[in-house]
Amino acid sequence: MTAAILTDLTKCTDCGACVLACQQINGLPAVEQPTKLSDTAWTIVRQSRGVSIRKHCMHCLDPTCASVCPVGALRSTPEGPVVYEESRCIGCRYCMLACPFDVPTYEWHSAHPKVQKCSMCFENRVQYGDQPACTSVCPAGATIFGDRDELIGEAYSRIAAAPDRYVDHIYGLEEAGGTSVMFLSGIPFAALGFATDLDTEPYPRLTWNILSQVPNIVGIGGVTLAGVYWVISRRMTLERLNHGLEVDEEAEASRRIPENGGES
Amino acid sequence: MSRFWRLVFWTLSALFAISALIRFGGGLGAATNLSNEFPWGLWIGFDILVGVGLAAGGFVIAATVHIFQIKKYEPLARSVVLTAFLGYLLVIIALMFDIGRPYRIWHPLVMGNPHSVMFEVALCVMLYTMVLALEFSPLVLKRLNLKAPMRFIHAIYLPLVVIGVLLSTLHQSSLGTLFVIVPNKLHPLWYTTLLPVFFFLSAIAAGLAMAIFESFLSYRAFGKRLEQDLLEGISRIIVVLLAVVLVWRAIDLDDRDALHLAFQVTPESVMFWGEMGLGLILPMLLFMLPKIRASHGGLFFAATLTIMGFIINRLNVSVTGFAQSSGVNYVPSLIEWLVTIGIVAFGFALFGLAVQHLDVFGPERVGKSELRIPQLVPTPLRTIPGKPLLGLWALLLIGFVLMGFTMRRPAEGTLAAGADESTGVATAHTPARVPLSLIDGLEFPMAEDSPGVVVFDHDSHVDFDEPECRSCHVSDFAIVHDAAVPSAPMLMEAMDEGRLCGRCHDDETAFGVDECELCHEEE
């Protein structure tokens, strides 16, 4: 099973329970209505066109953040959630630059900064079989937890049952190669400020295509360079043998030509 | 060093030290204008991308002299290897400033993630710095007159050069690969999967331009420099490289249907032309003129342009190209500038020291008398007429000022609003009323002297049109279910103190807690 969250934007009543639950379970400051993700706001509810939209980590199936992290501080768990191991992190912020959803945030004012983001309550709940705090408290049933495949089935049946109510698209089904957090909406996602120009292939493939060539470059390049050296050395030796000292003297003479004199 | 320059150096050092205190004491937020929206700035764009790139001359000349065995360039090898070595040391210092936890800089070595471009760069930079230290060591060993280590270095020199070339090829290009993962964020004028190729080629051109640049400066400062025919030779290589980059980038832009973006007036296109026009096409044309190539001043001017074009390119890829997608206007903070300037000044000082104390430019071939030029007194440019060059410098200055002005970005909000309306989607959207499923009939634990059980209903507490979870679920009643029901009985004393139910049931906000039967069920 892949742990996943489906948020139905047509059901959200903006009560803020998910935000509150997130703050309480993670010991974050009880800010009333955070509007931007930050190191102390791992989930928010933002407003666009009268719709209340949850935002938090999308928990990509093939996460960009985990692929770019030089020390493996971010990783994908077999259960699905993408988690962060603080003790590895060097604070390079490449995950923040690379994340197609702009999710990871940084403790900018700490001398020992951590990267912060939603972990789908993996460490304290999901790995023990519980659901995340946010979905457990949603009174409207707008954000629900379950197996990804089952939630996709649920989403399709909701769209089929009320085609007037929903846009025919599950956001997160294919975006960035598929995410564990998915959305249903009554208004086109582009109009709500969702990133809709994302690739449907996982992003890590972009750099892996290049990075996987490294052994080839080392192997072929190394042999070629050594070969070039060998050939040129041999030719120079032969030249010396054939022409004796004359050549050497000429070479020496050409070196002594003062500046501006020798055209290369 | 003259008194003036000494004063400048120490002032910069003091400012640098203060900046370091702020950075390491208060974190990146206290020192920089970086944000969650703009996580990489000047330190990555200039100190690292430019720093590594300008040091590329090291491996190019090492390959030319030792692998292709074009021995003519041997005198050049020392100064570029020195530049490269110093460059990488400075890059590592800059890295310590930029990464949040510099004391973990060794983590990539033991926790490496082979799928990460950053890991590959880190590994190559670390190994190559060691290679450069070894390649550079003969100069120091010779000075100290150490024979045995010298023989050892000579024995391993060729493999060392080969490894250095491979490592450089990998990480010079990988710095470009770093940005291949952000196709939706980096502006199409710069985003391409060919970034590694362009980074590699432009680094070679800039690294060679650095050799010309340094030769000129050290001539001014110390009267030591490289021979003109060597500099002329590398200027021809630069022309070829710049031409290849120019043509290839144009083809690539056209392939991606992004060429037209260069001909619209946007902050991005202005920066693009700053990079391509002033920093690539102009120096390429200048280097092609025999008159320029014959003049030390002309070569210096064209090399400076090449380097500036390179700097603008790296800043465009790392900063300008993200302005639009990030939605914020990032301008480096004073401290970011001070650290950067401090590191550059440190580099110049180290290079100066090395030129004075080590045999960096090889045996001097020019007559001694000609070299006795007063330190740091500019001599008039020879061979090439001064006026056209002066005009070019002035033009460049004006160009940069103009560029600065056009970089002021119109407020993002107005653009976004306009774009929204064009989609023509209904703006009104009220979620259909869904009955909230809230826990009802919740029995609170009873105290011994309780007159009867209290059963809690959300129904009588919540305005279903505007649920305000926070009015109760803040401290006493956690919202997460498994912690919501207090395990210990709730005592009336606490309520009288304004806690638990007493937060609201105080006879003012809601009825008070004096009458038992309002809440407690009769037995």
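Below, chains carry the letters A, B, ... as their sequence lines are ordered, and counting in each starts from 1.
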With a 4.5 Å cut-off on side-chain heavy atoms, are [Y] and [X] touching?
X: A:Leu9; Y: A:Leu184; result: no
X: A:Ser67; Y: A:Trp208; result: no
X: B:Val165; Y: B:Ile67; result: yes

Choice from [options] maximising heavy atom contacts with chain B below 4.5 Å:
options: A:Asp39, A:Asp102, A:Asp199; answer: A:Asp102
options: A:Lys36, A:Gln24, A:Glu107, A:Gln23; answer: A:Gln24
options: A:Gly222, A:Gly16, A:Pro104; answer: A:Gly222
options: A:Thr105, A:Val68, A:Leu206, A:Leu97; answer: A:Leu97
options: A:Gly72, A:Ala98, A:Ser38; answer: A:Ala98
options: A:Ile217, A:Asp14, A:Val214; answer: A:Val214

Closest heavy-atom pair and its distance - B:Leu231, B:Leu299: CB-CD1, 3.6 Å
Which one, [options], leads in non-hydrogen pairs under 4.5 Å with chain A?
options: B:Gly27, B:Ser116, B:Ser325; value: B:Ser116
options: B:His66, B:Arg104, B:His458, B:Arg23; value: B:Arg104
options: B:Gly29, B:Ala122, B:Ala30; value: B:Gly29
options: B:Val462, B:Ile44, B:Leu170, B:Leu178; value: B:Leu178
options: B:Val161, B:Leu158, B:Leu109, B:Ile163; value: B:Leu158
options: B:Lys185, B:Glu120, B:Glu37; value: B:Lys185

Heavy atoms from other residues, nucleotides or ligands near CZ of A:Arg205 exceed 12 (cutoff 6.0 Å): yes
A:Glu86, CD: over 12 other non-hydrogen atoms inside 6.0 angstrom: yes
Can you name the one residue among A:Lys117, A:Arg54, A:Lys55 that meets side-chain hydrogen bond (donor to acceptor under 3.5 Å, both in side chains) with A:Thr43? A:Arg54
Atom pair CD1/CZ of A:Ile25 and A:Arg125 - distance to nearest 0.5 Å: 4.5 Å
Quick check for you: to the nearest 0.5 Å, what is the distance between B:Phe38 atom CZ and B:Ser326 atom OG? 5.0 Å
Which residues share a ring-ring contact (aromatic ring centres under 6.0 Å, His included) with A:Trp108, sequence neighbours left out: A:Tyr106
Checking heavy atoms, do the side chain of [X], its backbone, both or neither come under 4.5 Å from chain B?
X: A:Ala142; answer: neither
X: A:Leu225; answer: both
X: A:Leu37; answer: backbone
X: A:Glu32; answer: both
X: A:Ser212; answer: neither

What part of [X] lies closer than 4.5 angstrom to a heavy atom of chain A: side chain, backbone, both or neither?
X: B:Val162; answer: both
X: B:Phe322; answer: side chain
X: B:Pro114; answer: backbone

A:Ile210: which residues meet the side-chain contact (heavy atoms from CB on, under 4.5 Å) condition with it, sequence neighbours left out? B:Thr177, B:Val180, B:Pro196
A:Ser233 vs B:Gln69, side-chain contact (heavy atoms from CB on, under 4.5 Å): CA-CA, chis, key distance, verdict: CA-CA 8 Å; A:Ser233 295; B:Gln69 304 185 53; 2.8 Å; yes
